[in-house]
Amino acid sequence: MDCQAEVNCGLHLVIQTSSLPEKNKVEFKLNKDTSSFPGRLLQHDLERNYSSRQGDHINLVSSSLSSFPILQRSSEEKILYSDRLSLERQKLTVCPIINGEDHLRLLNFQHNFITRIQNISNLQKLISLDLYDNQIEEISGLSTLRCLRVLLLGKNRIKKISNLENLKSLDVLDLHGNQITKIENINHLCELRVLNLARNFLSHVDNLNGLDSLTELNLRHNQITFVRDVDNLPCLQHLFLSFNNISSFDSVSCLADSSSLSDITFDGNPIAQESWYKHTVLQNMMQLRQLDMKRITEEERRMASVLAKKEEEKKRESHKQSLLKEKKRLTINNVARQWDLQQQRVANIATNEDRKDSDSPQDPCQIDGSTLSAFPEETGPLDSGLNNALQGLSVIDTYLVEVDGDTLSLYGSGALESLDRNWSVQTAGMITTVSFTFIEFDEIVQVLPKLKIKFPNSLHLKFKETNLVMLQQFNALAQLRRIDQLTIDPQGNPVVNFTLWKYYVLFRLSHFSMQKINGTEVTQNDMIMAERLFGILAHVASSELPQYRLISILGDARKKQFQYLLESKGKKPGIINEENNDSKRLVGENTNRATLNYTTRDFYNEKLEEIKEKKKFCKTYIEDLVKEATEINMKNEALQKLWPQMFIELVRDAVIEIRNKNSYMKLCLQQITDQK
């Protein structure tokens with residue numbers, strides 16, 4: 001039977017009963033004076049069929065003074081079996097009074113209907129008590145049995161382990177087949193070697209401290225999901241956990257720290273159905289000799305060791321990836337905070353400028369990394385599992401550069417400096433998608449020429465949180481080599497709120513023959529609509545520009561066209577045909593569209609400062625010229641006033657000098673001689 005098997009797996013105790021001749025049958029003597037209810041109770045207890053058992057010569061005598069039967073044995077029985085007594089299968093509902101049997105060592109009440117342990121407190125030499133298969137609901141009445149070594153209470157109705165305080169010499173405790181939900185009140189049983197708690201209602205295993213002698217623990221057929229404290233049992237060798245709810249080795253990880261455990265069972269658990277089950281158990285419990293009642297071979301140990309090394313490498317790699325992933329998350333969060341602070345500062349500056357006079361000097365605040373560093377950094381919550389490992393990571397990085405497959409992701413304006421790196425030809429050629437996040441579009445415009453050179457195969461651009469606020473900004477993308485796809489995330493790019501922004505992109509970048517915008521295929525109808533909407537605008541813009549300005553704008557395009565014509569000479573027709581589409585993208589930008597360009601804010605500010613300097617220089621130069629002309633005019637007017645008198649004096653002096661001709665000639669000759 002299953003119940004008997006549960007006992008045998010943890011207990012090896014045999015209680016023998018006497019075997020007297022057939023003629024010596026049990027005799028019952030009932031007292032007729034017994035009251036009706038006790039009489040009926042004893043009648044039920046004592047009307048037994050011993051056809052299957054021939055043995056103990058026992059008298060159970062009822063008493064008018066007590067509701068319990070009194071057990072008496074013959075002198076012959078006491079002599080032959082002085083230290084043991086078996087009342088198995090006697091249909092008892094109570095424990096009888098046992099007088100004159102103080103020397104008993106083994107007492108058997110198996111397979112009765114007893115509901116309470118009583119009337120055995122006088123059996124102080126008892127070492128084995130078997131109450132298997134009764135109806136006991138509470139452990140009691142054992143406080144005087146200090147010599148008890150074996151207590152068998154399997155298959156009863158016990159709900160709680162209790163009242164074992166004085167049984168410090170207990171060696172075997174069998175409580176299988178009860179209704180126990182918690183392991184408790186056994187920590188003082190330091191001599192206990194065998195504990196059977198199979199077929200109970202246990203959901204977890206703990207509170208095993210103090211069981212220093214325990215060698216066998218049977219927990220089969222419970223509802224156990226996790227195990228603790230088993231590593232604190234120094235002598236435990238056999239642990240049976242079959243048919244529970246254990247689903248992972250982490251829930252029983254304490255077993256790996258047990259140095260004495262040699263035999264364990266997990267069959268019937270969800271964990272036993274996993275492909276990694278056996279190798280995981282062996283690699284964590286190298287001291288095991290048997291697993292699920294099967295001996296472990298050296299080959300199995302070797303395979304477990306190999307898999308353990310591979311698993312350890314995989315864990316290290318996984319841990320490394322987790323650290324990198326967490327650092328990436330922290331860095332992106334920090335970049336996002338920097339971006340939010342920057343946008344807030346820009347908004348505040350714009351508000352302040354609106355309040356000031358347009359000619360007043362601007363607030364000398366710069367939105368850059370040095371300014372932002374003055375703001376207190378917020379520290380985001382870290383995952384508990386990675387908290388210790390992440391202590392050495394920098395979480396104040398202001399940018400992030402990530403290459404994932406064919407995608408280059410740039411977070412923060414500092415990431416743009418990565419375009420100056422010496423990228424390998426293989427990596428640069430592999431990049432087809434470039435993503436910009438938390439970077440001002442005006443800053444991106446400045447590195448577009450580098451992007452075109454460094455990553456010639458980039459076909460897809462993504463913009464998220466880049467402050468794309470007006471259609472003119474798309475004009476800057478015309479300088480790239482090629483764009484097949486364009487993705488503008490609505491987050492941080494207000495330009496997507498314009499109804500016609502996609503059509504403007506298609507019109508301005510028509511020489512790229514774009515295939516997708518924000519994941520949507522571009523159709524021929526879209527191209528026609530874009531031309532209708534913005535074709536006239538481009539024509540008006542180009543016709544209103546001065547000729548010198550138009551030439552300066554178209555200069556680069558003309559140079560490209562000329563260079564293309566030179567390079568195409570001498571090439572085979574097939575090669576020219578293959579490069580035809582690319583050449584169209586390079587030089588296909590017509591005059592009208594080329595006039596729609598974009599000047600970044602910084603470049604505009606630089607030009608504005610340059611214009612101011614030129615104006616200042618011109619103003620100073622003109623003022624000097626006017627001043628000089630004024631002085632000349634004033635001198636001229638003074639001369640006009642003095643000239644008549646000066647002329648008279650000149651004529652008078654000349655007449656006086658030449659009046660005496662000889663004297664004048666001598667004077668002239670003397671002057672010539674003096675000059676020599």
Side-chain angles (χ1 to χ4, degrees), residues 6-7 9-12 138-139 142 148-154 156 158-269 271 281 284-292:
E6 295 294 348
V7 177
C9 69
L11 307 171
H12 304 284
E138 182 184 7
I139 303 174
L142 304 174
L148 194 65
R149 301 295 303 276
V150 179
L151 179 59
L152 308 179
L153 292 170
N156 278 278
I158 299 170
K159 296 181 174 62
K160 182 179 180 180
I161 304 174
S162 60
N163 300 317
L164 300 176
E165 290 79 9
N166 295 333
L167 306 184
K168 296 181 179 180
S169 299
L170 206 60
D171 185 71
V172 176
L173 177 59
D174 178 18
L175 292 169
H176 85 275
N178 282 281
Q179 302 171 18
I180 298 170
T181 59
K182 183 180 180 181
I183 300 176
E184 56 185 339
N185 301 320
I186 60 173
N187 305 96
H188 62 287
L189 302 177
C190 57
E191 295 186 16
L192 188 67
R193 291 188 307 107
V194 178
L195 176 60
N196 187 356
L197 290 169
R199 294 188 182 277
N200 278 280
F201 300 148
L202 298 173
S203 61
H204 57 276
V205 179
D206 57 4
N207 200 21
L208 297 174
N209 296 324
L211 303 180
D212 296 339
S213 301
L214 193 67
T215 60
E216 182 174 316
L217 178 58
N218 188 351
L219 298 167
R220 288 189 175 102
H221 293 280
N222 277 278
Q223 302 166 9
I224 297 169
T225 57
F226 67 89
V227 178
R228 284 200 295 258
D229 294 346
V230 172
D231 52 323
N232 296 326
L233 303 175
C235 297
L236 186 65
Q237 298 179 12
H238 310 283
L239 176 61
F240 305 104
L241 289 165
S242 305
F243 301 100
N244 280 283
N245 292 328
I246 299 170
S247 58
S248 68
F249 190 80
D250 291 337
S251 60
V252 293
S253 58
C254 64
L255 302 179
D257 298 326
S258 175
S259 58
S260 59
L261 197 59
S262 61
D263 182 11
I264 194 169
T265 63
F266 284 112
D267 54 302
N269 284 275
I271 189 177
V281 173
N284 286 279
M285 305 176 67
M286 299 299 292
Q287 78 280 9
L288 281 184
R289 295 182 180 178
Q290 285 195 154
L291 177 61
D292 296 334

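No experiment lies behind these values; they were computed from the predicted model shown.
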Do [X] and [Y] have side chains that get closer than 4.5 Å, going by heavy atoms?
X	Y	result
Ile264	Leu255	yes
Asn166	Leu142	no
Asp174	Leu153	no
Leu175	Ile139	yes
Leu236	Leu217	yes
Leu195	Asn218	no
Leu164	Leu151	yes
Ile183	Leu202	yes

ring-ring contact (aromatic ring centres under 6.0 Å, His included) contacts touching residues 196-215 (sequence neighbours left out): His204-Phe226
Specify the closest pair of heavy atoms between [X] and [Y], including all atoms of both residues, with the distance to one decimal.
X	Y	value
Ala256	Met285	CA-CG, 4.2 Å
Val227	Cys254	O-SG, 3.3 Å
Asp263	Leu288	N-CD2, 3.9 Å
Ser260	Cys235	OG-C, 3.8 Å
Leu170	Val150	CD1-N, 4.1 Å
Phe266	Ile246	CE2-CD1, 4.1 Å

Gap between atom [atom2] of [Y] and atom [atom1] of [X] - 0.5 Å precision:
X	Y	atom1	atom2	answer
Thr215	Leu239	OG1	CG	11.5 Å
Gln237	Arg289	CD	CZ	8.5 Å
Leu219	Asn200	CG	CG	9.0 Å
Glu216	Asn196	CD	CG	8.0 Å
Ser262	Gln287	OG	CD	8.0 Å
Asp292	Ser242	CG	OG	6.5 Å

Taking [X] for the side chain and [Y] for the main chain, is one N or O donor matched with an acceptor at less than 3.5 Å?
X	Y	value
Asp212	Cys190	no
Asn269	Asn244	yes
Asn185	Ser162	no

Judged by modelled atom types alone, do Asn245 and Thr225 share a side-chain donor-acceptor pair under 3.5 Å? no
What I want to check is whether the side chains of Asn209 and Asn187 have a donor and an acceptor closer together than 3.5 Å. no
Before you tell me yes or no, could you show the steps for Leu208 and Asn232 under side chain to side chain contact (heavy atoms under 4.5 Å, CB included), namely the whole-Å CA-CA distance, both residues' side-chain angles and the distance that decides it to 0.1 Å? CA-CA 7 Å; Leu208 297 174; Asn232 296 326; over 6 Å; no
Verdict with reasoning, Leu197 to Ile180, per side chain to side chain contact (heavy atoms under 4.5 Å, CB included): CA-CA 8 Å; Leu197 290 169; Ile180 298 170; 4.2 Å; yes
Take Glu191 and Lys168 through the test side chain to side chain contact (heavy atoms under 4.5 Å, CB included) and record every step on the way to the result. CA-CA 7 Å; Glu191 295 186 16; Lys168 296 181 179 180; over 6 Å; no
Audit row: Asn156, Asn178, side chain to side chain donor-acceptor pair (under 3.5 Å) steps and yes/no: CA-CA 5 Å; Asn156 278 278; Asn178 282 281; 4.8 Å; no
Which residues share a side-chain hydrogen bond (donor to acceptor under 3.5 Å, both in side chains) with Gln179, sequence neighbours left out: Lys159
What do the steps show when you test Ile161 against Ile186 for side chain to side chain contact (heavy atoms under 4.5 Å, CB included), and what is the final call? CA-CA 8 Å; Ile161 304 174; Ile186 60 173; 3.6 Å; yes
